[in-house]
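Here's the structure, in structure tokens; my notes come after.
Labels below follow one simple rule: chain letters A, B, ... track the order of the sequence lines, proteins then strands, and each chain is numbered from 1.
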Amino acid sequence: MFTNKVINMLYIVSVDYNDDLNCIVLKLYNSETEKLEYYYDEKFKSHFIADEPMTIKGIVKQEPIAKYNALHDRIDKLVKVSTETPSVIASMNRQMKEDEKKGDNTLRSKVRENHIKFFQSYIYDKNIRIGMPYYRGKEDLLFAVDDMAEKTVAELMKLINPTSADIDVYEDFARLLEYPAPNFKRISLDAEILNENDKQVPDPENANMPILCVCLVSNIGEKFAFVLVQENQAKFDLNINFSKVSFFTDEAEMIRAIFKLVAEYPFIVTFNGDDFDLPYIFNRALRLGIPLADIPISMREKMTFWSGCVHLDLYKFFGIRAMQTYAFAAKYKTIDLDSISRALLGKGKLDVGKWVNTMSYEELVTYCMNDAELTIELTTYNDSLVMNLILVLARLSKMPVDNVSRKSISNWIRSMIYAEHRKRNFLIPRSEEIIELKGKTSTTAKIKGKKYKGAVVVEPVFGIHFKTEVGDFASLYPTIIKNYNLGYATVNCIHESCQDNKFAGLPHWVCKKQRAIESQLIGSLRDLRVFWYKQKGKDKKLDKNKMNWYKVSEQSIKVFCNAAYGVFGDEDFTLYCPPFAEYVTGIGRWIITQTIQKAQELGLEVIYGDTDSIFIKNPPKDKLNELMAWTKKSFDIEFELDKSYRYVCLSKRKKNYIGVLEDGFVDVKGMTGKKKHTPKMFKDAFNTTKELLAQVYTEQDMNIRRNEIRKIVKTTYNTLKKRSWTNIEDLAFHVSLTKNVEEYDTLPQHVKAAKYLIEKGYAVGSGSTIDFIKVRGKKVKPANLTRVDEVDVDKYVDFLKHLFIQMLEPLGIDWDKEILGITQICSY
DNA sequence: GCGGACTGCTTACCT
DNA sequence: ACAGGTAAGCAGTCCGCG
């Protein structure tokens with residue numbers, strides 16, 4: 001596959017700065033030996049850009065440098081200032097902040113690119129292709145060309161045929177997505193600690209309680225258990241398959257044995273290892289007298305390292321909102337091992353029915369091993385989907401794998417754009433310059449406190465609609481960015497001659513002379529997705545492995561594309577550019593509004609639409625095709641058939657409907673019955689009605705099912721009225737705390753319940769989900785502390801009514817007459 | 001002192 | 001810390017009410 005088959009492929013997985021050696025270290029994964037190797041670069045110095053020579057301490061070199069300033073469309077003559085260590089820049093930045101506090105901005109106005117991390121700067125300037133194969137040359141690392149992948153890239157380029165100005169961008173991305181990925185050797189780790197009490201988790205800072213058990217599972221299924229002998233329990237053989245179980249009477253010895261084992265693996269995977277397992281082991285090791293030099297764990301800001309390994313913390317990865325919504329389609333709603341495993345693997349944590357303190361060895365190992373297995377399986381399931389996602393995201397963002405898996409989407413996009421700037425010798429602009437030059441927005445948002453107007457939501461046509469087609473624009477916002485050449489530099493550019501180039505009735509204009517970097521990057525990713533990876537990810541002719549890889553590529557691009565517009569409307573994004581973001585939604589509104597108008601002119605019945613989608617009732621094929629051709633011609637965007645519903649059930653509310661696809665799958669959007677805070681009792685009832693709706697093909701069917709749906713609601717109603725529920729937990733609402741209780745301005749119900757829990761000694765805070773029950777006297781109580789007779793049944797009946805009314809209304813069922821009426825007759 | 005009309009806060013969802 | 005738009009429930013405030 002590779003040109004030179006003898007050489008070992010070295011995949012660059014991470015780049016870091018080593019303090020002690022004062023040099024850049026590259027971590028290389030050798031796909032033959034499955035071990036990590038290192039490459040040290042002592043020559044590369046940290047640097048920043050200045051308007052004039054600087055006089056701070058620690059500078060080793062100052063040289064003139066010319067850079068293209070895209071904001072002003074000119075070449076700037078500047079100074080590249082190299083420093084002895086990156087800490088010189090860090091302390092300069094600290095000084096800068098101090099000055100600013102005193103109102104002195106002289107330093108800030110002189111320096112640029114001083115906020116870019118040293119190792120990122122290295123990646124950009126050396127054009128390091130993270131996650132791609134290299135081999136060792138005489139001195140340097142050399143990129144390993146893969147002939148097979150290059151062939152596919154050529155094929156793809158021929159198909160998409162981009163304009164000459166954009167060819168390089170497309171080709172670079174295609175390589176990143178077509179080159180092979182190694183199957184990283186890896187091991188997961190999970191630790192169980194003796195608890196002080198049953199209301200709080202152990203404190204890793206303190207590490208005052210012994211580690212009872214540590215389980216590790218490798219990606220090829222090797223299982224290891226390290227168990228501490230406890231005084232009150234006899235040692236005995238465990239009945240656990242395929243596991244190596246080792247008992248220790250000395251805890252320090254056990255920890256050393258774990259260090260020794262992990263050293264064999266290039267990747268270590270944890271769930272919340274950054275903030276719990278690894279710091280606990282670290283501090284426990286110190287407490288037990290293991291010398292610092294013998295402990296491979298080290299904690300840095302928001303990240304815990306294991307030297308000799310790359311550490312991936314899946315809690316951080318799955319917690320990235322963009323991943324949750326776009327790559328995993330919001331299949332998991334809360335970020336914990338149990339719910340993520342249940343959603344993605346179909347199995348969860350074990351319910352042993354007791355806490356670790358009272359478990360037998362066998363129970364303890366089984367419980368702990370299960371967690372370690374879930375953790376590794378989250379990286380191995382579906383052809384190592386998650387590992388491959390992380391790899392592709394690292395490639396696209398040009399960030400180290402351990403970094404990209406912890407940082408949010410805005411960091412990835414920023415990094416991708418910065419890399420392109422450095423590659424082309426563009427000066428990276430300062431935030432203030434963009435704001436100053438580009439000015440403000442011109443529209444008003446519907447929502448108070450928002451900065452500009454967003455998308456259009458069409459008023460739904462209430463009722464049941466059979467044979468409804470849903471069309472949507474393929475990547476609307478990325479396409480707009482591509483087609484209209486949008487970017488921070490091109491929107492409201494400095495050229496007077498461009499000021500007539502305006503769209504969609506907005507006052508902003510777009511540059512006619514220069515191509516926007518964002519437009520090229522997002523545009524090419526968009527095209528690769530629409531014209532290549534979408535099909536390849538479904539291509540049954542490919543072998544399963546290859547198809548899955550294409551799915552990964554498709555998902556990764558989707559994540560980037562979906563967030564690409566939003567970041568420019570975020571004040572904290574370094575390239576924040578309000579008119580750019582406003583232009584995207586403005587042109588979006590213009591396109592969908594025109595398309596709906598055209599559809600109506602063609603005699604099509606538009607019954608709903610949101611942002612980039614249009615619901616059309618029973619459309620003739622030829623009219624639909626005409627509409628598609630028209631959008632392509634008018635806006636150069638593909639309006640595609642996305643879904644065919646057997647029928648949709650539209651409530652009077654926006655973003656709130658049920659649709660049944662041809663194959664019987666029931667799509668539920670926005671309804672209370674699917675929201676995660678809804679008590680289980682109501683969710684169960686709601687899901688049963690979903691099954692009934694799946695069996696409806698015609699209006700006649702609907703008449704039959706109407707009765708059954710009525711019955712389900714009635715039964716739930718009766719259960720409440722008679723207080724005959726089996727489990728009070730099924731009545732609990734589950735609401736998240738987004739901050740710590742003392743930070744709330746008002747006292748919502750879940751916060752009241754949380755405060756009560758804290759009083760009782762429970763540790764709940766930001767991120768915890770509070771389970772509470774509505775009790776009589778307009779109050780709430782934590783679910784685990786509520787008695788059956790306290791439940792405020794009327795409140796629950798009210799909730800039931802409002803939940804089902806969203807569905808009953810369009811089905812033509814009247815709550816008062818048909819639910820209450822019948823029930824009353826029945827119960828007397 | 002209590003309830004209705006109102007605003008604002010909070011969470012969870014949709015695209 | 002990607003955006004704006006929507007729904008829903010409750011907290012808190014103001015005002016009228018002999």
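Rounded to whole angstrom, the span from the CD1 atom of Ile596(A) across to the C1' atom of dT15(B) amounts to 13 Å. The separation between Leu747(A) atom CG and dC10(C) atom P is 15 Å, rounded to whole Å. Spacing between atom CZ of Phe682(A) and atom P of dA12(B) amounts to 17 Å, rounded to whole angstrom units. In this structure, CZ of Phe560(A) is placed 13 Å from P of dC2(C), rounded to the nearest angstrom. In this structure, CD1 of Ile417(A) is placed 14 Å from P of dC2(C), rounded to the nearest angstrom. Protein atom NE2 of His677(A) is 8 Å distant from nucleotide atom P of dC13(B), rounded to whole Å. As a whole-Å value, the separation of Asn656(A) CG from dT11(B) C1' is 16 Å. Atom CG in Leu803(A) sits about 10 Å away from atom P in dA8(C), given to the nearest Å.
Using a 4.0 Å heavy-atom distance criterion, Gly454(A) is classed as a sugar-phosphate-only contact. As judged by a 4.0 angstrom heavy-atom cut-off over every strand, Asp572(A) is placed among the base-contacting residues. Residue contacts for Tyr452(A): at a heavy-atom cut-off of 4.0 Å it reaches the sugar-phosphate backbone alone, with no base atom in range. Across all strands shown, Lys407(A) has no heavy atoms under 4.0 Å from either base or sugar-phosphate atoms. Using a 4.0 Å heavy-atom cutoff across all strands shown, Ala445(A) reaches sugar-phosphate atoms only and no base atom. Contact annotation for Val668(A): backbone-only contact, meaning every heavy-atom pair under 4.0 Å involves sugar-phosphate atoms and none involves a base. At a threshold of 4.0 angstrom between heavy atoms, the contacts of Ala322(A) with the nucleic acid are absent. At a threshold of 4.0 angstrom between heavy atoms, the contacts of Glu571(A) with the nucleic acid are absent.
Here Lys774(A) reaches the OP1 or OP2 of dC10(C): one of its side-chain N or O atoms lies under 4.0 Å away. Put simply, Lys675(A) has no side-chain N or O that comes within less than 4.0 Å of OP1 or OP2 on dC14(B). Look at Lys655(A) and you won't find any side-chain N or O under 4.0 angstrom from OP1 or OP2 of dT6(C). Contact check, Ser410(A) against dC2(C): a side-chain N or O comes under 4.0 Å of OP1 or OP2. Contact annotation: His750(A) does not reach the phosphate of dT10(B) (side-chain N/O to OP1 or OP2, under 4.0 Å). The phosphate of dC2(C) has neither OP1 nor OP2 within less than 4.0 Å of any side-chain N or O from Asn411(A). When the side-chain nitrogen and oxygen atoms of Ser408(A) are compared with OP1 and OP2 of dC2(C), one or more of them lie within a distance under 4.0 Å. In terms of phosphate contacts, Lys448(A) brings a side-chain nitrogen or oxygen within less than 4.0 Å of OP1 or OP2 of dG8(B). Distances shown here put a side-chain N or O of Lys446(A) below 4.0 Å from the OP1 or OP2 atom of dT6(C). At dA8(C), one or more side-chain N or O atoms of Arg653(A) fall inside 4.0 Å of OP1 or OP2 (strictly under the cut-off). Applying the 4.0 Å criterion to OP1 and OP2 of dA11(C), one finds that Lys752(A) has a side-chain N or O inside that range. OP1 or OP2 of dG9(C) lies within a sub-4.0 Å distance of a side-chain N or O belonging to His802(A). Taking side-chain N and O atoms only, Tyr657(A) has a distance below 4.0 Å to OP1 or OP2 of dT15(B).
By the neighbour-count criterion of 12 heavy atoms within 6.0 Å, atom NZ of Lys538(A) is sparsely surrounded, having that number or fewer from other residues, nucleotides or ligands. Residue Lys617(A) qualifies as enclosed at atom NZ: its count of foreign heavy atoms under 6.0 Å is above 12.
One finds no salt bridge joining Arg776(A) and Glu790(A) here, because no Lys/Arg side-chain nitrogen approaches an Asp/Glu carboxylate oxygen to under 4.0 Å. Ionic pairing of Lys721(A) and Asp794(A) is present here: one or more N-O contacts between side-chain nitrogen and carboxylate oxygen are shorter than 4.0 angstrom. We find that Glu554(A) and Arg529(A) are joined by a salt bridge, their nearest charged nitrogen and carboxylate oxygen being less than 4.0 Å apart.
Remark: the backbone N or O of Lys302(A) is paired with a side-chain donor or acceptor of Lys316(A) at under 3.5 angstrom. A side-chain donor-acceptor contact under 3.5 Å links Gln555(A) to the backbone of Ala327(A).
Judged by closest nucleotide on DNA chain C, Val567(A) is the one of Gln806(A) and Val567(A) placed further toward the 5' end.
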ask   = Please walk me through it: do Lys654(A) and Asp610(A) pass salt bridge (charged side-chain N to carboxylate O under 4.0 Å, His left out)?
value = CA-CA 9 Å; Lys654(A) 293 171 173 178; Asp610(A) 188 347; over 6 Å; no
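Closest to the side chain of Thr746(A), from the set dA11(C), dT15(B), dC14(B), is dA11(C).
Residues Ile320(A) and Lys407(A) approach most closely at CD1-O, 3.4 Å, considering heavy atoms.
Non-hydrogen atoms lying under 4.0 Å from DNA chain B are contributed by Val735(A), Ser736(A), Thr738(A), Lys739(A), Tyr744(A), Asp745(A), all within residues 734-745 of chain A.
In this model, no side-chain donor or acceptor of Tyr576(A) finds a partner on the base of dC2(C) within 3.5 Å.
Neither side chain, Thr468(A) nor Tyr608(A), offers a donor N or O lying under 3.5 Å from an acceptor on the other.
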